[in-house]
Amino acid sequence: MSRAFNFCAGPAALPEAVLRQAQAELLEWGAERASVMEVSHRGAAFEALVAQAEADLRSLMGIPDDYAVLFLQGGATQQFALLPMNLAAPGQGADYVVSGHWSQRAVAEGEPHVRTRVLVDAADAAGLYLRAPEVDAAAVDPDAAYLHYCHNETIHGVEFPAVPDSGAVPLVGDFSSTILSRPLDVARFGVIYAGAQKNIGPSGLALVIVRRDLLERAGQPRARVLTWAAHARAGSLLHTPPTFSIYLAALVFAWLREMGGLEVMAAINQRKAQRLYHAIDDSEGFYRNPVDPASRSWMNVPFWLHDEGLNAAFLEESREAGLLALKGHREIGGLRASLYNAMPEAGVAALTDFMGDFARRKG
Ligand SMILES: Cc1ncc(COP(=O)(O)O)c(C=O)c1O
């Protein structure tokens, strides 16, 4: 049996070359004669690994020197709460753009810590999220601690075609499901953060890229372990980090550099997404994706069968064909294919071939 093509939204497929390297050095890592999981995070070898991971990420994303890079525990959801704790003074407000499930969650988790205001909610009259909203920089509260938005809504498959303008207020972006999929102008942001388990590595790790001047904000009374500045001072080694997740992330960053960097990944990702959207749009209504074409995600493609009664057959037969995890999120139903960096073009071709064949047989 060969490895299947895994379209899971997260934890998601990892590059096969990365998994093979991890497999080859699982028992003895480098000169350590022990697994990377078994060595101290305070040892020179692991410190060098973290430094290399950060250097590779900085080079891939062109992260300017006035930004700190943090590898933290707790996933993206924990950052929903750490964000106001670190950036907002007691009693201060923060503006939020809501474009789907995850930006809603950011508001909900932020609420105990900051006066949240929803600047714009992109739901249509039926409550559906089908397009990235326009953000009016002039409408952002100039006293807000930050403006938060989610660049790519993983469940709704809605991605901002461009980075919104937040005026003078620091812009904070949840990039969990689109980071490293294409180049990004980091200097537009106060903070970029992402859970790792889609385009970075295994779950349990969150990446935070934060402009250094923001680390000087007092924020709110909180423990040191919840303080970004403390993690920055400690080089992400304030306490025991998720060492195996960081190791795999480092392998992913090295793999991306070998692939040619983010311009190359962007071209591949665009081709993959176009192939799948064409298969949907050219199916004469057998498949449907209702997202506004300008806001369609390159990473997460939800789609629906014209007859939802065929969902179970689609899922069973696709699984038998080696195409995994195509079930849609329970919140919106239907089907969904996630096409992160680790999904090869051959995987998308196998999916569109299967979809064409399924439509011919059941249409
Ligand atoms: C865009 C986005 N933000 C946040 C999260 C939450 O991430 P975590 O489960 O790492 O807390 C997810 C998870 O899928 C996501 O897709």
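None of these values were measured; they are calculated from a predicted model. As the structure lists them, so they are numbered: ligands from 1, and atoms in each ligand from 1. Only this structure's heavy atoms are used, side chains among them; waters, hydrogens and symmetry mates stay out.
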Sub-4.0 Å atoms of ligand 1 with respect to non-hydrogen atoms of [X]:
X	value
Thr154	1 (C), 2 (C), 15 (C), 16 (O)
Cys150	1 (C)
Gln197	7 (O), 8 (P), 9 (O), 10 (O)
Lys198	13 (C), 14 (O), 15 (C), 16 (O)
Thr77	6 (C), 7 (O), 8 (P), 11 (O)
Asn152	1 (C)
Asp174	1 (C), 2 (C), 3 (N), 4 (C)
Ser176	1 (C), 2 (C), 3 (N), 4 (C), 15 (C)

Quiz item: Does the N or O separation between Ala76 and ligand 1 drop below 3.5 Å for any pair?
Solution: yes

Self-check item: Sole candidate of Glu153, Glu159, His156 that passes side-chain contact (heavy atoms from CB on, under 4.5 Å) when paired with Ser297
Solution: Glu159

Self-check item: Among Leu87, Leu226, Val191, side-chain contact (heavy atoms from CB on, under 4.5 Å) partner for Leu82
Solution: Leu226

Does [X] have a heavy atom less than 4.0 Å from any atom of ligand 1?
X	value
Ile155	no
Gln79	no
Phe80	yes

Which side-chain N or O atoms in residues 17-24 pair as donor and acceptor under 3.5 Å with protein atoms at least two apart or in another chain?
{"unit_1": "Arg20", "atom_1": "NE", "unit_2": "Glu16", "atom_2": "OE2", "d": "3.1"}
{"unit_1": "Arg20", "atom_1": "NH2", "unit_2": "Glu16", "atom_2": "OE2", "d": "2.8"}

Exercise. Evaluate the ring planes of Phe358 and Phe286, with Trp represented by its six-membered ring, and classify them as parallel (under 30°), tilted (30 to 60°) or perpendicular (over 60°).
Key: perpendicular

Self-check item: Contacts of type salt bridge (Lys or Arg N to Asp or Glu O under 4.0 Å), residue Arg361, not counting sequence neighbours
Solution: Glu317, Asp357

Self-check item: From CD (Glu47) to NE2 (His41), nearest 0.5 Å
Solution: 9.0 Å

Quiz item: Looking at the rings of Phe354 and Phe314, which for Trp means the six-membered one, are their centres under 6.0 Å apart?
Solution: yes

Practice problem: Examine Phe189 together with Phe175 and report whether their ring centres are nearer than 6.0 Å. | Solution: yes

Quiz prompt | Closest approach of any protein heavy atom to atom 13 (C) of ligand 1, naming residue and atom | solution = Trp102 CZ2, 3.3 Å

Practice problem: Run through Ser181, Ser295, Ser177 and flag the one making a side-chain hydrogen bond (donor to acceptor under 3.5 Å, both in side chains) with Asn152. | Solution: Ser177

